[in-house]
Amino acid sequence: MVKSSILGFPRMGVLRDLKKANEAYWGDKLSQQELLAEGKRLRLAHWKIQKDAGVDIIPSNDFAFYDHVLDHIQLFNAVPDRYSKQNLSPLDTYFAMGRGHQKGDVDVPSLVCQSSLLSE
């Protein structure tokens, strides 16, 4: 018997739910706990869609709140010091690497900005 599988599933949600939740979190309209709960809700919903469609081998760990490369940076504990020393939560450190972080006494650019500065 041949089993079916897919390589990954779009993480945004039917109505761009993840994008809206991330933006609400960044704008202090959604708590970290609420954002994490929305991520969990989306993962469960996406697994159910795949199961109901008859996918036999459902992929896991294909979800990212923002970027898969940032997920791996944290997974392998390769967070640059300029982010890890800011005493941000792991989620805020993750977003700081992707978007930069300018709140309170923290002012760090995104990793993309840092790499573009190195090439100048």
Side-chain angles (χ1 to χ4, degrees):
M1 174 182 194
V2 176
K3 300 217 176 229
S4 64
S5 183
I6 59 174
L7 296 176
F9 195 87
R11 65 183 188 259
M12 283 298 147
V14 176
L15 300 173
R16 299 181 331 157
D17 309 66
L18 182 59
K19 179 182 185 301
K20 291 174 185 174
N22 279 342
E23 289 174 352
Y25 177 70
W26 298 332
D28 294 325
K29 296 177 182 133
L30 198 68
S31 72
Q32 182 171 329
Q33 183 177 356
E34 291 169 317
L35 178 61
L36 295 174
E38 179 64 3
K40 182 177 182 176
R41 183 194 70 78
L42 284 168
R43 287 190 303 277
L44 291 171
H46 296 163
W47 292 334
K48 182 173 180 353
I49 290 168
Q50 293 169 76
K51 181 181 178 191
D52 292 348
V55 176
D56 295 310
I57 303 168
I58 296 172
S60 62
N61 205 25
D62 61 344
F63 179 86
F65 277 100
Y66 193 71
D67 181 88
H68 292 284
V69 173
L70 296 177
D71 288 356
H72 283 87
I73 288 171
Q74 284 191 320
L75 179 67
F76 294 113
N77 198 26
V79 176
D81 288 342
R82 66 182 169 273
Y83 300 99
S84 60
K85 73 179 183 182
Q86 300 300 329
N87 295 319
L88 298 170
S89 71
L91 185 64
D92 286 337
T93 299
Y94 171 83
F95 286 133
M97 289 187 295
R99 309 179 67 243
H101 188 98
Q102 291 77 35
K103 277 187 182 176
D105 60 348
V106 177
D107 184 6
V108 291
S110 71
L111 283 172
V112 173
C113 288
Q114 289 295 306
S115 64
S116 67
L117 292 174
L118 294 175
S119 65
E120 293 180 348

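None of these values were measured; they are calculated from a predicted model.
Remark: Met12 CE to Leu42 CG distance equals 9.5 Å, nearest 0.5 Å. The distance from the CZ atom of Arg82 to the CG atom of Leu111 is 5.5 Å, given to the nearest 0.5 Å. Here the straight-line distance linking atom NE2 of His46 with atom CG of Asp62 works out to 9.5 Å at 0.5 Å rounding.
Distance alone, capped at 3.5 Å, places no donor-acceptor pair between the Tyr66 side chain and the Met97 backbone. In this structure a side-chain-to-backbone donor-acceptor pair under 3.5 Å is missing from Lys51 to Ile58. Side-chain N or O atoms of Asp107 include none that pairs as donor or acceptor with a backbone N or O of Gln102 at under 3.5 Å. At least one donor-acceptor pair under 3.5 Å links the side chain of Asn22 to the backbone N or O of Phe65.
You'll find the side chain of Tyr25 reaches within 4.5 Å of the side chain of Asp92, heavy atoms only. With a 4.5 Å cut-off on side-chain heavy atoms, Ser84 and Thr93 do not count as touching.
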Problem - Residues Val55, Phe9; criterion side-chain contact (heavy atoms from CB on, under 4.5 Å); working and verdict - result: CA-CA 11 Å; Val55 176; Phe9 195 87; over 6 Å; no
Practice task
Could you go through the side-chain contact (heavy atoms from CB on, under 4.5 Å) check for Tyr83 and Leu88 one step at a time?
Solution key: CA-CA 8 Å; Tyr83 300 99; Leu88 298 170; over 6 Å; no
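The minimum heavy-atom distance linking Gln50 with Pro59 is given by the pair OE1-CD, 3.2 Å. Closest non-hydrogen pair, Ser4 versus Gly54, comes out as OG-O, 3.1 Å.
Listed by first and then second residue, the side chain to side chain donor-acceptor pair (under 3.5 Å) pairs involving residues 34-43 are Asp17-Arg41, Ser31-Glu34, Glu38-Arg41 (not counting sequence neighbours).
Within a 6.0 Å radius of CG in Asp81, no more than 12 heavy atoms belonging to other residues, nucleotides or ligands are found. The number of heavy-atom neighbours closer than 6.0 Å to NZ of Lys103, taken from other residues, nucleotides and ligands shown, is above 12.
Under a hydrophobic-cluster definition in which Ile, Leu, Val, Met, Phe, Trp and Tyr are linked whenever side-chain heavy atoms come within less than 4.5 Å, directly or via other members, Phe63 and Val69 are assigned to the same cluster.
Taking Trp47 as the reference, nothing meets the ring-ring contact (aromatic ring centres under 6.0 Å, His included) condition, with sequence neighbours excluded.
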Identify every side-chain donor-acceptor pair in residues 70-79 under 3.5 Å, counting partners at least two apart or on other chains, and give the distances.
residue: Asp71; atom: OD1; partner: Tyr94; partner atom: OH; Å: 2.9
residue: His72; atom: ND1; partner: His68; partner atom: O; Å: 2.9
residue: Gln74; atom: NE2; partner: Pro90; partner atom: O; Å: 2.8

